[in-house]
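Notes for the one structure printed next.
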2 protein chains.
Amino acid sequence: MAEPTRSTPRRRPTLADVAAHVGVSTTLVSLVMRDVPGASPVNRERIRRAAEELGYHPDSRAQLLRRSRSRLIGVVFRVQDPFDGDLVGGLYGAAGDADYELALSAVAPGRDERRAVASLLQDRCEALILLAPHSPTSFLAELAGRMPIVVVARSVRHRALDVVRTDNAAGLHLAVDHLVALGHSRTVHIDGGRAPGAAERRRGYHEAVRRHGLTDSSHVLPGGPTEDDGAAAARAFLDLHPRPTAVTVFNDRCATGVLDVLSKAGVSVPGQVSVVGFDDSRLARLSHVDLTTVAQNIGQMSHLAVTRAKDRLDGTDVGERELVVSPHLVVRSTTAPPTTTPSRPTATTASSPEAASLG
Amino acid sequence: MAEPTRSTPRRRPTLADVAAHVGVSTTLVSLVMRDVPGASPVNRERIRRAAEELGYHPDSRAQLLRRSRSRLIGVVFRVQDPFDGDLVGGLYGAAGDADYELALSAVAPGRDERRAVASLLQDRCEALILLAPHSPTSFLAELAGRMPIVVVARSVRHRALDVVRTDNAAGLHLAVDHLVALGHSRTVHIDGGRAPGAAERRRGYHEAVRRHGLTDSSHVLPGGPTEDDGAAAARAFLDLHPRPTAVTVFNDRCATGVLDVLSKAGVSVPGQVSVVGFDDSRLARLSHVDLTTVAQNIGQMSHLAVTRAKDRLDGTDVGERELVVSPHLVVRSTTAPPTTTPSRPTATTASSPEAASLG
DNA sequence: ATGAAAGCGCTAACAA
DNA sequence: TTGTTAGCGCTTTCAT
């Protein structure tokens, strides 16, 4: 019988193996492997060759154990969430620039944040970046007593926690300003419920419509972060009378559900209703969705999160604990001026909100 | 000035610190921390308390370095992909059952598979599970020379590689059988292009329509794995004449794009056209999508992947290198019997395909 | 430019 | 039940 390719071969080679193979000390091999000056070009070359030949990879555990610092930043993320996915991508880049490694720990069904964090603690991460964590502030604060903690995309007010987040209220100002500039006056905001950021976006909506003197022709409809939430809210929206001409939605996922229900109900977008999302996720960019949306600056947020972690580790004196990143509006094809066919003669002052639920 | 909560406190406590604090040997502390029998209840309690008090967490790098085995399985996944997300969730569970830890390494923009794998090699993983890898077989084979490699959701034929995948062809048989049972005869398959599994699904479609004697009234339309691909394919579909009454689509994402375009074109689903997806992703389950789809058994795949890695590590004699998991059909609301209103008098033999592009 | 030796925090013999 | 000792693979003084 021919021996098949061995899938469990001999013990992995160590520094000592490489050293022995070349006939030098482990010290020299260590230098060469780390690209540190102090070895003759000849030996450098021979050692490189031997390492390659033996298939040597340094053992990061041993390295980390020996080094005083791990240069490791832990990241807790929701493995299911596309926004977190984007952020993780950005974090890899930012960490590389800052000469740190990332250790990923996922939150998944059956694996909660505490477990994710615990595993990172064992890995000797020097700091933690938590993406939209839902743990109680007390837990986060306790962690912060151990090591620098950077919370991303959730607003937590605690003097030991660093926060990097989008200016959610400003995002809704952008959305409402855009709609008003197009000529809309009857608008609705579909809410994110208890999702992180939802309260601020709701507040931003209220502030913006008030600023435009449109409070009386504004609504907030209960919603949530998912497509399903959006679909349900859209059904409620269809019952509204007079029907608003524009909708701001908590996020893109939710907006997708809204769009789908409107489309199925024969309501054209942006012909009859304009829709604005939030996040500028891949969802929004799809050519057949092409959603006008408030974009979070993921690259900047990732960069700030890593930089803040690094600054804390370096003991750099940083000012604010909370870093608020400005969003910007991406206008695509789900917003347009309202059609000038009011269902009733225009009333200068809107009727009382209660009237809407009648008839 | 009041000293704010320190975010970079004293050196992390070690086993020795705990031991000194209690006044016992490190051995004893080690036993207790690992829940190994061999310590008196009294000491066990005192040590536990001291560890808690000092905020002690074992250093997994030191543990791993010292233990002969790391009991670590590396997972390479695409941080953006919802299907990979689901799998990672399943893998955590399966790994826990098998008493292994998972080390995650993401593929993201700017971080390719080689980098993801390299980092896992340094972490001294004993085996690697690669989710839908796109690296060339040669690279995977080379890896397999070092350690057990389990490839999930991609078909690779190599005697050193283990593969866990869904029976894609069978999935399309299920889909077509379902449609035919409903009474459909003019069908179309929207293809996945070069995506993993696309070729097998296409083949399954061809086999199934042939088996039903429907080859002449079948089409394959070029598509791809994304919503955009589906949207484009759907536009091509709308130009088909006579229009097929049912569509099988490469995957759920693509099917979503198809549904959206159909909806916007005023084509009712399942009234005028039935649609079947593939994956049973969260997308398909959304109440407003409610897509009939071929479900991959994620739980079983995760379990098999971990078990296979474990068996290789244990040297267990396993038979097949390729584990093929049967999918099943989830019937939801996008499939129904065809309406019996042919746009023209039924022709027994379909007109030549070229005719479609005319007029 | 090179090497010897100590030790990172832990576990696994072995002894007591 | 408890302690002593050696050493995992590496980096880091300190010699040479």
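Letters A, B, ... are given to chains in the order of the sequence lines, protein chains preceding strands, and every chain is numbered from 1.
Residues forming a side chain to side chain contact (heavy atoms under 4.5 Å, CB included) with Leu31(A) (at least two apart in sequence, or on another chain): Leu28(A), Arg34(A), Val36(A). With sequence neighbours excluded, no residue forms a salt bridge (charged side-chain N to carboxylate O under 4.0 Å, His left out) with Glu113(A). Scored by the salt bridge (charged side-chain N to carboxylate O under 4.0 Å, His left out) test, Arg66(A) finds no partners at all (sequence neighbours excluded). When the side chain to side chain contact (heavy atoms under 4.5 Å, CB included) test is applied to Ala305(B), the partners found at least two apart in sequence or on another chain are Leu91(B), Ile129(B), Val150(B), Val152(B), Val164(B). Looking at residues two or more places apart in sequence or on another chain, you find a side chain to side chain contact (heavy atoms under 4.5 Å, CB included) between Gln122(A) and Pro58(B), Ser60(B), Gln63(B). Asp86(A) is linked by a salt bridge (charged side-chain N to carboxylate O under 4.0 Å, His left out) to Arg282(A), counting only residues two or more places apart in sequence or in another chain. Taking the side chain to side chain contact (heavy atoms under 4.5 Å, CB included) definition, one finds that Arg49(B) meets it with Glu45(B), sequence neighbours left out. Residues meeting the salt bridge (charged side-chain N to carboxylate O under 4.0 Å, His left out) test with Asp317(A), sequence neighbours left out: none.
Rounded to an integer number of Å, the gap from CG of Leu64(B) to C1' of dG9(C) is 12 Å. Spacing between atom CG of Leu65(B) and atom P of dT11(C) amounts to 11 Å, rounded to whole angstrom units. Between the P atom of dG7(C) and the CG atom of Leu15(A) lies a distance of 19 Å, rounded to the nearest Å.
DNA chain C is contacted by Val24(A), Ser25(A), Thr27(A), Leu28(A) of residues 21-33 of chain A, taking any non-hydrogen atom closer than 4.0 Å. Listed in residue order, the members of residues 41-50 of chain B having a heavy atom less than 4.0 Å from DNA chain D are Asn43(B).
Remark: Asp35(B) engages Arg48(B) in a salt bridge, criterion side-chain N to carboxylate O under 4.0 Å. A salt bridge links Arg69(A) to Glu126(A): at least one charged side-chain nitrogen sits closer than 4.0 Å to a carboxylate oxygen. Using a 4.0 Å cut-off between charged side-chain N and carboxylate O, Glu322(A) and Arg165(A) make a salt bridge.
Residue Gln80(B) places its CD atom among more than 12 non-hydrogen atoms of other residues, nucleotides or ligands, all under 6.0 Å distant.
Each end of the helix from dA1(C)-dT16(D) to dA16(C)-dT1(D) gets its own rotation axis from five pairs of C1' atoms, and the angle between them is 30° to the nearest 10 degrees.
Note on Gln63(B): a side-chain N or O is less than 4.0 Å away from OP1 or OP2 of dT11(C).
Between Ala62(B) and Ser40(B), the residue whose closest nucleotide on DNA chain D is further toward the 5' end is Ser40(B).
Put simply, chain A comes within 4.0 Å of DNA chain D, heavy atom to any atom, from dG9(D) to dT12(D), going 5' to 3'.
Arg124(A) places no side-chain N or O within donor-acceptor distance of the main-chain N or O of Leu64(A), the cut-off being under 3.5 Å.
Within the 4.0 angstrom heavy-atom criterion, only backbone atoms of the sugar-phosphate kind lie near Arg34(B); the bases stay farther away.
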